[in-house]
Amino acid sequence: MAEIRLENVVKRFNEDEVVKNLDLTIADGSFTVIVGPSGCGKSTTLRMIAGLESPTSGDIWIGDQCVTNVEPGKRNIAMVFQNYALYPTMTVRKNIEFGLVNKKVPKVEREALIQEISDIVGLTEHLDKKPQQLSGGQRQRVALARAMVKKPKVFILDEPLSNLDAKLRGQMRRELIQLHKRLGTTFVYVTHDQVEAMSMGDQIILLNKGVVQQVDSPMNMYHDPNNVFTAEFIGTPAMNILERERLEIFLPSLLECVRYVGFKPEHAHISAEMEKMPDHLVMKSEIITTETLGAETIYTVVNQAGTMNIKSFAEPITDTQKVYIAIPFDHLYFFDEKEQRIRAAGDKNIETPKPAMAGGA
Amino acid sequence: MSLGKARPYIMIFPAILVFTLFFLYPIGYMIYLSFHDWNFISPDKNYVGFENFAVLLKDAKFMQVLQNTFIYSALTVSLTISISLMLALWLNRKGTMYGFVQGAIFSPHIISLVSISMLWMWLMDTDYGLLNWFLNLFGITNVPWLTDPKTSLLSLIIVAVWKGIGYYTLIFIAGLQSIPQDIYEAAALDDTSKVRTFLKLTLPMLSPTLFFLTIIGLIGSFQVFETIAIMTGGGPINSTNTIVYYIYENGFRFFKIGYASTAGVLLLGIIGVFTILYFRLLSRKVHYQ
């Protein structure tokens with residue numbers, strides 16, 4: 001087990017700076033998820049930790065060893081690849097055994113380890129098959145077994161679930177969480193899917209364009225975003241971000257520094273009738289689409305401030321398109337012109353809390 | 001259209017016609033001729049039964065021809081494949097130099113064998129050749145490349161390998177590039193040595209390419225003709241005579257068409273057996289994705 005530290009790590013491909021001055025600490029035994037949109041540098045970061053890419057500058061530490069110039073095979077890490085990267089010419093058994101043979105583990109010990117690991121991941125009856133004969137989920141298990149059998153200090157997983165179908169992905173997600181609990185090893189997991197990040201990680205690192213946006217626990221990431229990017233990335237649907245200019249008819253008294261106002265879809269009340277709601281931002285809106293998901297309903301509504309998503313757990317509104325949405329002032333998020341969060345208590349940003357009802361034409 | 005069951009046969013009729021005219025008929029005619037004594041001109045073909053076969057298999061000269069052909073094929077194919085594989089492993093990367101070398105070693109493949117033979121006859125000339133001039137620089141006395149039975153077959157093998165490696169290397173590079181890069185990354189993380197990576201990953205992944213090149217290499221070298229006809233004429237003392245050249249000699253110089261056809265039937269049999277053997281035995285061990 002080991003902590004991973006990245007110190008001022010920079011990675012350039014030709015002129016392209018993919019990772020910019022990254023300083024990170026991945027706690028020992030944590031399940032850390034690196035998440036971000038395509039091209040944000042998350043895979044490059046992971047590959048640098050694995051040793052498959054070397055940083056242009058900066059240092060990488062695993063435990064108390066500086067591994068910047070250490071070969072991948074000597075870093076005591078195991079990696080699960082997006083495309084599994086199984087050895088196609090070998091059976092499942094040989095695939096799992098390959099790294100052990102390299103480490104000169106005696107045969108008896110190897111046999112025992114393979115038995116133990118294949119029991120855990122449920123591969124015992126497939127040990128003599130070739131990877132081509134296995135389904136996607138089984139291949140993923142082989143990749144996991146191959147990683148686990150080495151008993152590494154760090155597990156690295158590069159979008160391991162993205163080639164699986166939705167149901168299997170959910171199942172594997174839970175299995176990975178259990179596996180992490182069981183092994184207690186440091187897991188570093190890369191994904192572009194914020195649902196995976198939220199559901200699996202105990203620490204999330206959100207990257208955009210090679211820069212860390214926020215490092216936090218899933219719940220903090222969700223409830224307390226640092227900036228517009230985080231707010232718009234995390235959550236399904238993500239936070240609604242409204243521009244000040246278009247909001248002024250509803251909220252005429254915003255503080256000078258506020259440039260954007262956000263609210264979460266589930267914090268808005270939606271109703272066909274207008275009720276008197278003090279300390280709420282109330283907007284007369286029109287429903288464009290309604291997605292009924294069973295327990296909840298997601299409305300896309302439009303009003304003078306823009307288009308926004310509302311999540312409601314009440315019975316779906318079907319008889320009318322004209323609705324009122326109301327968001328409590330203390331559930332509003334404020335951001336400045338650099339898209340950074342203004343953390344002063346919510347309604348302090350509104351000088352005279354006076355829910356205007358303009359727009360109710 | 002209601003052609004019924006005839007329809008597919010009508011569709012493939014042109015192909016069948018060409019195949020029959022240019023493949024089946026000549027093969028059949030060759031087998032027919034192998035049972036006859038004929039001088040190519042006389043209107044009579046005398047049926048001799050298996051006599052041609054009996055003579056051929058007892059002919060010491062033909063036995064040497066067979067031996068020459070086997071040695072030539074085995075050495076040419078194994079040398080070409082091992083050298084090209086090493087070259088491919090070296091050249092399988094980006095860069096102007098690698099592209100240039102690849103182009104340079106490929107160029108013999110597009111030159112006609114006649115020109116190549118002429119070129120090498122000069123290079124291998126005992127007294128005026130460039131090769132011997134070069135060896136002389138190191139104090140090595142003149143090697144009688146093409147004029148000594150001990151070296152003549154080897155000299156022809158050198159020419160064949162020189163001509164073949166460019167094409168083989170190209171195919172090997174294509175094979176190497178079709179191997180997914182991530183299994184090498186997985187191997188690196190498994191702390192695999194270079195030799196083991198090559199033996200356990202690269203080589204098995206290349207097996208379809210290896211298999212393909214071995215087959216076409218063997219079939220091609222069993223049919224070697226041009227270099228022999230131009231450079232040695234089968235000599236000296238029959239040391240470079242191979243099956244196809246032997247067939248040509250007997251058929252079109254000694255006008256023993258029946259006898260030549262018999263050797264042709266034997267060559268057909270040998271190549272046929274090789275092909276079947278390879279597809280039956282080796283294809284099971286070859287990894288196809």
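Note that these values count all heavy atoms, side chains included, but never hydrogens, waters or copies made by symmetry.
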Give the minimum heavy-atom separation between A/Ala85 and B/Ala186, together with the two atoms involved. O-CB, 3.8 Å

Note, A/Val101 side chain near B/Arg196 side chain (heavy atom, < 4.5 Å): yes

Under 4.5 Å between any side-chain heavy atoms of B/Leu189 and A/Leu52, yes or no? yes

How many angstroms lie between atom CZ of A/Phe98 and atom CG of B/Asp191, to the nearest 0.5 angstrom? 10.5 Å

Heavy-atom cut-off 4.5 Å, strictly under: side chain, backbone, both or neither for A/Leu86 against chain B? backbone

Side chain, backbone, both or neither: which part of A/Phe81 has a non-hydrogen atom closer than 4.5 Å to chain B? side chain

Does atom CZ of B/Phe198 have more than 12 heavy-atom neighbours, drawn from other residues, nucleotides or ligands, at distances under 6.0 Å? yes

May I ask you to test the B/Asp182-A/Gln82 pair for a side-chain heavy-atom distance under 4.5 Å? no

Whatever's closer than 4.5 Å to a heavy atom in chain B on A/Ile77 counts as both

Could you check whether atom CZ of B/Phe100 has more than 12 heavy atoms from other residues, nucleotides or ligands sitting under 6.0 Å from it? no

Heavy-atom count check: over 12 atoms from other residues, nucleotides or ligands less than 6.0 Å from A/Asp128 CG? yes

Side chain, backbone, both or neither: which part of A/Arg47 has a non-hydrogen atom closer than 4.5 Å to chain B? side chain

What one should report as the nearest heavy-atom pair of A/Tyr87 and B/Leu201 is CD2-CD2, 3.4 Å

State, with a plain yes or no, whether a side-chain heavy atom of A/Thr89 is found less than 4.5 Å away from one of B/Lys200. no

